[in-house]
Amino acid sequence: MHPFQCVLRARRCLRRGPLASVSWLLLRTCRAHSSVPSFACPSPQRQQEDGVWKDFSSRLATGPTFQDFLRSASVPPEQPSSSEVEDPPPYLTVDELLGRQRRVYLETYGCQMNVNDTEIAWSILQKSGYLRTSNLQEADVILLVTCSIREKAEQTIWNRLHQLKSLKSKRLRSRVPLRIGILGCMAERLKEEILNREKMVDILAGPDAYRDLPRLLAVAESGQQAANVLLSLDETYADVMPVQTSPSATSAFVSIMRGCDNMCSYCIVPFTRGRERSRPVASILEEVRKLSEQGLKEVTLLGQNVNSFRDNSEVQFNNAVSTNLSRGFSTNYKAKQGGLRFAHLLDQVSRIDPEMRIRFTSPHPKDFPDEVLQLIRERDNICKQIHLPAQSGSSRVLEAMRRGYSREAYVELIHHIRESIPGVSLSSDFIAGFCGETEEDHLQTVSLLREVQYNIGFLFAYSMRQKTRAYHRLKDDIPEEVKLRRLEELITVFREEATKANKSFVGCTQLVLVEGPSKRSAADLCGRNDGNLKVIFADVEMEDATDSGLRVRAQPGDYVLVKEMWQSLNSANPGSMGGVSLR
Ligand code: 5AD
Ligand code: SF4
């Protein structure tokens with residue numbers, strides 16, 4: 001029997017509240033919920049530091065050769081994972097590449113890809129003998145995983161660096177010097193500008209250079225700045241199992257592809273994260289299987305363009321049946337052929353564990369062939385929730401953005417998705433005040449928000465980014481106050497419409513995956529429904545559907561039926577329904 005059917009058959013009303021009635025029923029799954037095991041560190045060998053540095057300095061003076069840089073630039077993606085640091089560059093010894101129990105403090109900014117990158121970076125450092133700390137004062141190495149998508153995101157990092165500067169200068173001489181690193185998109189975009197502007201930054205590692213972190217930190221130990229911002233055509237970190245940081249986590253992110261070839265005219269991502277490349281299906285399935293064995297109940301497939309997924313890693317995949325673009329959509333790049341596509345991956349991933357929910361983000365509207373939509377409709381554990389970034393409601397602006405579709409094609413796709421997947425939750429991204437956006441264009445976006453009634457929305461004011469096509473070819477001509485006024489208007493309309501859209505959940509029974517205690521009240525639990533809306537409900541004893549008669553308290557990772565949800569009166573948060581709130 002499918003577990004979801006089992007819950008529905010056994011539901012029972014447990015509480016009636018003043019606003020409306022809510023009932024729960026717990027689905028405790030057969031497998032014990034086990035926490036994610038931590039990985040063992042290799043035993044670090046402490047060194048007689050003085051002698052090592054002298055030797056190290058003399059070898060550095062003779063320096064690495066050109067060949068050394070070529071070699072580290074082309075680390076094969078399928079390196080076997082090993083707790084040993086193998087084959088070090090000839091100017092560094094294996095010892096120097098070890099972390100010597102230095103404590104690393106990692107801080108993540110920006111999108112979910114950065115959260116996943118943090119886990120990858122940590123996995124690599126852990127294998128090199130570094131320890132992790134969540135206490136900044138205790139850290140020997142501070143690494144910021146950064147975002148460049150908008151100016152404000154970068155400003156936050158500059159401000160943080162100023163704070164860290166004083167931490168570094170006040171460091172006691174009795175301790176090893178504090179090392180500071182910038183990882184990810186900002187390292188890639190600004191490169192040596194960061195090293196020149198902030199002398200206190202010791203290392204820079206772009207999104208494709210995390211394997212090089214032990215070497216970069218080893219060089220930094222000598223007091224020199226070190227950088228690797230090489231982008232790769234094939235790095236997917238396929239063999240690096242990210243280390244889950246929260247032992248009680250019920251869900252995990254699994255990176256399936258990196259980079260982006262779309263070249264939307266406003267976007268810095270193709271420049272900071274490089275060309276689009278997909279991780280081999282087999283390694284994704286292996287990671288999802290491990291997560292299922294660890295008791296995780298939700299996996300989100302991650303990538304800049306998840307649904308453009310195309311695994312070409314084996315020759316025979318090139319004969320795979322090709323899938324089409326969504327009707328009325330085009331690409332900025334030459335058509336790609338063959339490979340295992342997203343529908344295949346989604347099918348395989350969702351078969352691993354029927355109790356495990358599957359989500360994906362962030363897709364591009366151009367890659368929603370019927371195969372993908374049918375699969376979402378048919379498979380119980382693939383969430384009926386689609387993020388469909390529109391960016392604008394004006395065809396004229398969409399063309400300037402080089403999105404590859406018109407408003408009409410986008411709206412047609414929305415209708416097609418709603419017909420194919422009844423009850424689907426929709427979310428979107430919008431940019432207010434893009435180059436040349438007129439008041440009429442803006443009103444077109446307002447009308448798209450009214451027409452579609454998204455459940456969740458992410459709205460931004462346009463932020464001009466150097467290197468992009470818009471920077472070179474268009475004029476950032478909308479005054480800041482106009483951008484912000486338009487953004488406010490979009491947010492207001494979005495909230496009004498989302499409130500209407502989310503009303504459809506009132507009185508409905510929703511299957512909620514429990515995440516843990518609610519932040520608002522210790523007496524409540526918090527979880528998410530299929531549409532990814534937050535649901536808060538009382539932490540009381542309820543019937544266990546898998547063991548009739550047994551009354552238990554729900555735990556993180558349990559599925560609970562929440563019946564007759566009510567909508568919050570908080571109009572600033574239209575997804576808040578009896579505890580349903582926006583991401
Ligand atoms: N300015 C404002 N928003 C942007 N986004 C991407 N680039 C910019 C920019 N230069 C938004 C888009 C994208 C989301 C991740 O960030 O809406 O979908
Ligand atoms: Fe940026 Fe467009 Fe690629 Fe999304 S699809 S990452 S907006 S270039």
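Both ligands and their constituent atoms are indexed starting at 1 by order of listing. Worth saying up front: this structure is predicted, and the values here are computed from it rather than measured.
When non-hydrogen atoms are compared, ligand 2 lies under 4.0 Å from the side chain of Pro270 (C-beta onward) but not from its backbone. At a heavy-atom cutoff of 4.0 Å, ligand 1 is contacted by no atom of Ile268, backbone or side chain. By the criterion of a heavy-atom distance under 4.0 Å, the side chain of Gln391, and not its backbone, is placed next to ligand 1. With a 4.0 Å heavy-atom cut-off, ligand 1 is reached by no atom of Cys264.
If you look at Tyr454 and Phe494, their ring centroids are not closer than 6.0 Å. Here the two rings, on Phe430 and Tyr462, have centers that are 6.0 Å apart or farther.
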Show your working on ring-ring contact (aromatic ring centres under 6.0 Å, His included) between Tyr471 and Tyr266 and close with a plain yes or no.
-> CA-CA 8 Å; Tyr471 172 76; Tyr266 52 81; over 10 Å; no
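Between Lys534 and Glu515 there is no salt bridge, since none of the side-chain N atoms of the basic residue sits less than 4.0 Å from a carboxylate O of the acidic one. The existence of a salt bridge linking Glu235 and Arg273 is excluded, since no basic side-chain nitrogen approaches an acidic carboxylate oxygen closer than 4.0 Å. Between Glu437 and Arg396, no side-chain nitrogen of the basic residue sits less than 4.0 Å from a carboxylate oxygen of the acidic one, so the salt-bridge criterion is not met. Taking 4.0 Å as the cut-off between side-chain N and carboxylate O, Glu480 and Lys483 count as a salt-bridged pair. Ion pair Glu287/Lys290 not flagged as a salt bridge, since none of the NZ, NE, NH1 or NH2 atoms sits closer than 4.0 Å to an Asp/Glu carboxylate oxygen.
Using cut-offs of 30° and 60° on the angle between ring planes, the pair Tyr405 and Phe329 is tilted.
Judged by the shortest distance from any of its heavy atoms, Ala470 lies outside the 4.0 Å radius around the atoms of ligand 1. Using a 4.0 Å heavy-atom cutoff, Arg273 is absent from the residues neighbouring ligand 2.
Atom 2 (Fe) of ligand 2 lies under 2.8 Å from an N, O or S atom belonging to Cys264.
Every atom of ligand 2 with a heavy atom of Cys260 under 4.0 Å away is listed here by number and element: 3 (Fe), 5 (S), 6 (S), 8 (S). Short contacts between ligand 1 and Tyr462, defined as distances under 4.0 Å to a heavy atom of the residue, involve ligand atoms 1 (N), 2 (C), 10 (N). Listed by number with element, the atoms of ligand 2 under 4.0 Å from a non-hydrogen atom of Asn305 are 3 (Fe), 5 (S). The ligand atoms of ligand 2 that sit less than 4.0 angstrom from a heavy atom of Tyr266 are 7 (S). Counting the atoms of ligand 1 from 1 in the order shown, those under 4.0 Å from a heavy atom of Tyr266 are 6 (C), 7 (N), 8 (C), 10 (N). Set against the non-hydrogen atoms of Phe460, the atoms of ligand 1 under 4.0 Å away are 3 (N), 11 (C), 14 (C), 16 (O), 17 (O). Near Arg465, the atoms of ligand 1 lying under 4.0 angstrom from a non-hydrogen atom of the residue are 10 (N).
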